[in-house]
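What follows is a short report on a single structure.
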Amino acid sequence: MSDDSFDVKLVVTRGTGSQDKEKMQVEVSADSLEELDEKVNGARERLREWADDIRTIQPDGRRRHDDAQTELGGASA
């Protein structure tokens, strides 16, 4: 990388309390602002995907279901 490189650190924090807080960070470097823009946009999208995955994990270790069901009831035929 040249002396004229550009660096940025992206930090995403989820939650505010000690029991529900996750922090992700990624550093992006590039030789030009155009390359940095491209890399940051890709990293931002990837962080968004990771954050969506992390949101489904609850602090007590349970996974949240998409339909908000925590238990399935009995079924009859």
Side-chain angles (χ1 to χ4, degrees):
M1 205 171 287
S2 69
D3 290 338
D4 294 333
S5 65
F6 300 91
D7 301 305
V8 67
K9 183 188 292 186
L10 305 172
V11 179
V12 175
T13 303
R14 174 201 175 263
T16 56
S18 61
Q19 297 296 316
D20 70 346
K21 192 173 196 178
E22 290 91 22
K23 183 176 180 180
M24 295 183 299
Q25 70 181 42
V26 63
E27 294 184 30
V28 180
S29 297
D31 292 326
S32 69
L33 287 176
E34 293 78 19
E35 180 185 8
L36 186 66
D37 278 343
E38 185 177 317
K39 287 183 173 183
V40 165
N41 286 335
R44 184 183 304 131
E45 182 59 35
R46 184 64 60 98
L47 282 169
R48 182 177 296 125
E49 291 169 8
W50 290 338
D52 287 344
D53 288 343
I54 289 171
R55 281 187 201 102
T56 66
I57 302 169
Q58 296 304 298
D60 62 3
R62 292 181 297 146
R63 280 195 160 286
R64 183 175 59 213
H65 299 280
D66 288 339
D67 59 1
Q69 282 184 295
T70 57
E71 294 181 19
L72 296 175
S76 59

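This structure is a prediction, so every number in the text was calculated from the model and none was measured. Throughout, residue positions are numbered sequentially from 1 according to the sequence presented.
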Checklist entry - Who passes side-chain contact (heavy atoms from CB on, under 4.5 Å) against E35, sequence neighbours left out? => result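 Per chain and number, E35 pairs via side-chain contact (heavy atoms from CB on, under 4.5 Å) with A30, D31, S32, K39.
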
Item to check | Set of residues satisfying side-chain contact (heavy atoms from CB on, under 4.5 Å) with respect to V40, sequence neighbours excluded | outcome: V8, L10, V28, L36, R44

Item to check | Euclidean distance, E38 CD relative to N41 CG, rounded to 0.5 Å | outcome: 8.5 Å

Checklist entry - Can you check side-chain contact (heavy atoms from CB on, under 4.5 Å) on D7 and E27, steps first, answer last? => result CA-CA 7 Å; D7 301 305; E27 294 184 30; over 6 Å; no

